[in-house]
Amino acid sequence: MLARLSRSTNPRVSMAAVLFSRHSRRELKKLKLMFIQVLIKFKSVPSEGSTFLRDCLIEFRELNTAEDFISFYEEMMPFVQTLPLVILHKETIFSQLISRLQMKARLSVEAILRLIAALCRDLPDDFVSFLPRIVDSLVSLLKSGADREPDIIEQIFVAWSYILMYLQKSLLENNRLVDVLKLTVKLRYYPKEYVQEFMAATTSLLLRNASEGQLRKGIARVMLEVVKKPLPVKKYGASALLYFVMRGTMSMPYSRPDRVLQQLTSKRIFSIGDECDQGSNTVDEVLTTTLQRLCEELEPKELDFLWNSLYKKIDYNALNDHLPCLSRFLSLLISSAQINDGHKVSDYQPMLECVKNLIERFIIPYSALKGENHLSEVIDKVLQLLLCTLDGLKSSNDMATISQCLVQWAPAFNLRNSSILTFLSELMKKDPCILYEFRTNILSAMNDLIETSQKEIVFLLLSFCEKLQMDPLRSNFLDGSPEGRFSRITGFLQQTVRFWLVVIDNIVNGNGSFTPIESGELTLLWQVVRCYPYMMDLQETPSFLMDLIDAIDRLLMIECGKISYLCF
């Protein structure tokens with residue numbers, strides 16, 4: 001189990017890295033199951049006329065002969081015979097237990113922790129007042145070296161799981177959830193990720209069993225902690241806790257994760273971030289990490305509640321023009337759907353319907369909506385969602401559905417703002433089969449944009465042509481296109497070559513003065529020449545390019561001094 005942490009021979013490999021390898025995640029699940037098994041073995045009532053503390057003390061007397069435990073046994077046994085005696089001497093008993101939680105008493109630590117849990121079981125109502133001192137003692141124990149001892153880490157969190165299980169009824173009935181979160185801050189954000197993991201797994205029990213009101217306040221408290229001090233250690237601890245609240249700490253997923261998700265994505269949670277500088281980014285980051293981890297751990301069908309909830313949130317905010325919130329939910333959907341190459345989405349039809357509604361609501365009427373606050377941000381996210389959907393469909397080899405998107409998504413390629421350039425650039429990174437399916441849409445967009453974004457479009461055009469050229473079945477991507485369909489592209493390519501023919505001719509013949517050419521223009525010429533064979537008529541291409549080659553040959557024959565004026 002955790003003993004693997006101490007067996008790492010590479011000093012550069014942190015215990016956190018070992019713990020959270022894929023194999024160690026399985027061990028973490030085994031440990032959670034062990035929590036259940038050990039708890040089940042516990043007796044529901046103490047021995048007749050005895051106490052849980054006395055029974056535990058007798059049990060460990062047979063198992064532990066360490067000096068610190070034996071001294072406690074001898075001193076406290078008279079005070080634990082009956083429950084009234086335990087109540088009367090609770091402060092003395094507790095103080096003696098806490099004083100022995102030290103690394104120098106490491107052989108007694110497990111017994112002492114179990115005795116503390118037993119005392120908690122005897123005194124569920126009175127024990128709450130001891131929690132701050134327990135947390136401080138556990139933090140001190142970890143800092144003194146226990147955080148490097150896998151066995152002791154296990155013992156600490158087994159005991160902590162007992163304590164919370166025994167106290168949860170009292171804590172929740174008395175609305176003490178937020179109080180517990182406040183006093184456990186040092187443990188929940190302890191600067192070791194594997195400690196935070198175990199703390200989150202055990203503490204999540206309280207939030208999962210809390211009422212709606214307490215759950216809402218508890219989640220708000222966690223988010224507020226991170227927003228006030230957005231350190232990486234706090235972001236990790238918060239997302240770990242929220243993940244376990246949704247997932248469940250044991251073998252089965254929590255039966256109502258949608259209840260928690262509604263609280264996580266409520267206006268109240270978003271407003272916490274909006275009240276602080278960069279606070280909204282912090283809230284978004286914690287939510288994204290939480291949902292991504294949920295997607296990594298659950299099966300696709302188990303995640304249907306997540307997708308359905310996000311679709312509803314997106315539809316509602318789109319319909320009511322709540323653009324900032326819409327942008328946030330689109331980001332959450334995209335970042336979650338990207339996990340495992342989109343395989344975590346069991347059914348893409350609802351997502352395609354969501355994309356269709358967004359295109360109709362924002363992209364088709366873009367020119368009429370232009371100027372609205374946050375609109376460009378929403379457009380960016382919608383285009384990212386298109387790319388994400390393509391990745392998911394391609395990973396499922398669903399080319400038939402991709403083909404059906406051509407007409408429906410055509411308005412996205414008609415956009416005339418900076419977003420479309422970014423979109424096309426990301427699209428060029430996709431599989432050639434996707435580029436081939438969307439070839440008409442892509443070339444039409446480039447044809448419309450080439451006059452205003454020449455350098456960017458020529459670079460994208462070259463990427464497009466060369467990527468399709470790699471696949472012999474798709475190299476003739478212009479076949480079937482009407483003549484003159486992409487006349488602006490072909491016109492620009494011809495115009496660029498003609499321009500350079502004139503420039504070179506003037507230099508060679510010494511005809512008048514000319515403005516020096518920037519080096520970027522030479523790069524553009526090279527890209528145009530490389531695009532020429534793919535886009536121009538095959539009969540025209542050789543002669544036109546031969547004219548350029550002849551001109552360059554004549555240029556190279558003149559004095560170097562004249563050529564030096566060509567560019568700077």
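The structure displayed is predicted, hence computed values, not measured ones.
Side chain of Ser336 to main chain of Leu333: no donor-acceptor pair is present (N/O by atom type, distance under 3.5 Å, no hydrogens or angles). For the pair Asn417 (side chain) and Ser419 (backbone), a donor-acceptor distance under 3.5 Å is present. Under the 3.5 Å distance criterion, the side-chain polar atoms of Ser335 are left unmatched by any main-chain donor or acceptor of Thr288. Under a 3.5 Å cut-off, the side chain of Thr51 and the backbone N or O of Arg54 do form a donor-acceptor pair. Although no hydrogens or angles enter the test, the distance criterion places a donor-acceptor pair under 3.5 Å between the side chain of Arg259 and the main chain of Arg208. Not a single donor-acceptor pair under 3.5 Å links the side chain of Glu377 to the backbone N or O of His374. Side-chain atoms of Ser99 come within 3.5 Å of backbone atoms of Gln96 as a donor-acceptor pair (strictly under, hydrogens ignored). The closest donor-acceptor contact from the side chain of Ser327 to the backbone of Pro324 lies at 3.5 Å or more, if one exists at all. Side-chain atoms of Asp398 do not come within 3.5 Å of backbone N or O of Leu393 as any donor-acceptor pair. For Ser271 (side chain) and Arg268 (main-chain N/O), a donor-acceptor pair under 3.5 Å exists by modelled atom type.
The distance from atom CD1 of Ile163 to atom CD1 of Ile116, rounded to the nearest 0.5 Å, is 6.5 Å. Note that CG of Leu177 is 6.0 Å distant from CG of Leu206, once rounded to the nearest 0.5 Å. A distance of 12.0 Å separates CE of Met76 from CG of Leu85, quoted to the nearest 0.5 Å.
Under the ring-ring contact (aromatic ring centres under 6.0 Å, His included) criterion, Phe60 pairs with no residue at all, not counting sequence neighbours. Partners of Lys430 under the salt bridge (charged side-chain N to carboxylate O under 4.0 Å, His left out) rule, at least two apart in sequence or in another chain, are Asp391. Under the rule for a salt bridge (charged side-chain N to carboxylate O under 4.0 Å, His left out), the partners of Glu360 that lie at least two apart in sequence or sit in another chain are Lys356.
A heavy-atom distance below 4.5 Å is found between the side chains of Trp160 and Ile134. Considering only heavy atoms from C-beta on, Tyr190 comes within 4.5 Å of Asp147 through its side chain. The shortest distance between side-chain heavy atoms of Arg216 and Ser266 does not fall below 4.5 Å. The shortest side-chain heavy-atom distance between Leu242 and Met246 does not fall under the 4.5 Å cut-off. Residues Leu181 and Leu207 form a side-chain contact, since some pair of their non-hydrogen atoms from C-beta on lies under 4.5 Å apart. Counting heavy atoms from C-beta on, the side chains of Val139 and Lys143 come closer than 4.5 Å. You'll find the side chain of Leu383 stays beyond 4.5 Å of the side chain of Thr422, heavy atoms only. With a 4.5 Å cut-off on side-chain heavy atoms, Leu427 and Leu386 do not count as touching.
With salt bridges taken as basic N to acidic carboxylate O contacts below 4.0 Å, one links Glu285 and Lys235. We find that Asp315 and Lys312 are not joined by a salt bridge, their nearest charged nitrogen and carboxylate oxygen being 4.0 Å or further apart. A salt bridge links Glu91 to Arg133: at least one charged side-chain nitrogen sits closer than 4.0 Å to a carboxylate oxygen.
Side-chain atoms of Ser309 and Gln262 form a donor-acceptor pair, as typed in the model, at a separation below 3.5 Å. For the residue pair Tyr236 and Glu197, a side-chain donor N or O sits within less than 3.5 Å of a side-chain acceptor on the partner. Looking at Glu212 and Gln263, their side chains do bring a donor and an acceptor atom within 3.5 Å of each other.
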For residues 104-111, which side-chain N or O atoms pair as donor and acceptor with protein atoms under 3.5 Å away, sequence neighbours left out?
unit_1: Arg106; atom_1: NH2; unit_2: Glu149; atom_2: OE1; d: 3.0
unit_1: Ser108; atom_1: OG; unit_2: Phe69; atom_2: N; d: 3.2

Under 3.5 Å, sequence neighbours excluded: what are the donor-acceptor pairs made by side chains of residues 167-175?
unit_1: Gln168; atom_1: OE1; unit_2: Asn209; atom_2: ND2; d: 2.9
unit_1: Asn174; atom_1: ND2; unit_2: Ser170; atom_2: O; d: 2.7
unit_1: Asn175; atom_1: OD1; unit_2: Gln214; atom_2: NE2; d: 3.3

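The shortest heavy-atom contact between Leu415 and Ile420 is O-CG2, 3.7 Å. Between Thr203 and Leu164, the closest heavy-atom pair is CA-CD1, 3.7 Å. Taking all atoms of both residues into account, the shortest heavy-atom contact from Val378 to Leu323 is CG2-O, 3.7 Å. Taking all atoms of both residues into account, the shortest heavy-atom contact from Ile314 to Cys354 is CG2-SG, 3.8 Å. Here the shortest heavy-atom pairing between Pro230 and Thr282 reads CB-OG1, 3.5 Å.
For the pair Arg293 and Phe244, the cation-pi test (distance below 6.0 Å, angle within 45°) is passed.
Under a cut-off of 6.0 angstrom, the local environment of NZ in Lys217 is sparse, with at most 12 non-hydrogen atoms contributed by other residues, nucleotides or ligands.
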Please evaluate residues Arg221 and Glu225 with respect to the criterion salt bridge (charged side-chain N to carboxylate O under 4.0 Å, His left out), reporting the C-alpha separation (whole Å), side-chain torsions for both, the decisive distance (0.1 Å), and the verdict.
CA-CA 6 Å; Arg221 170 69 195 183; Glu225 291 169 351; 3.1 Å; yes

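If you look at Phe329 and Phe270, their ring centroids are closer than 6.0 Å.
Aromatic ring orientation, Phe157 versus Phe198: parallel (interplanar angle below 30°, classes split at 30° and 60°). Taking the six-membered ring where tryptophan is involved, the planes of Phe94 and Phe127 are perpendicular, since the angle between them exceeds 60° and thus also 30°.
The list of side chain to side chain donor-acceptor pair (under 3.5 Å) pairs with a residue in residues 342-352, not counting sequence neighbours, reads Asp304-Ser346.
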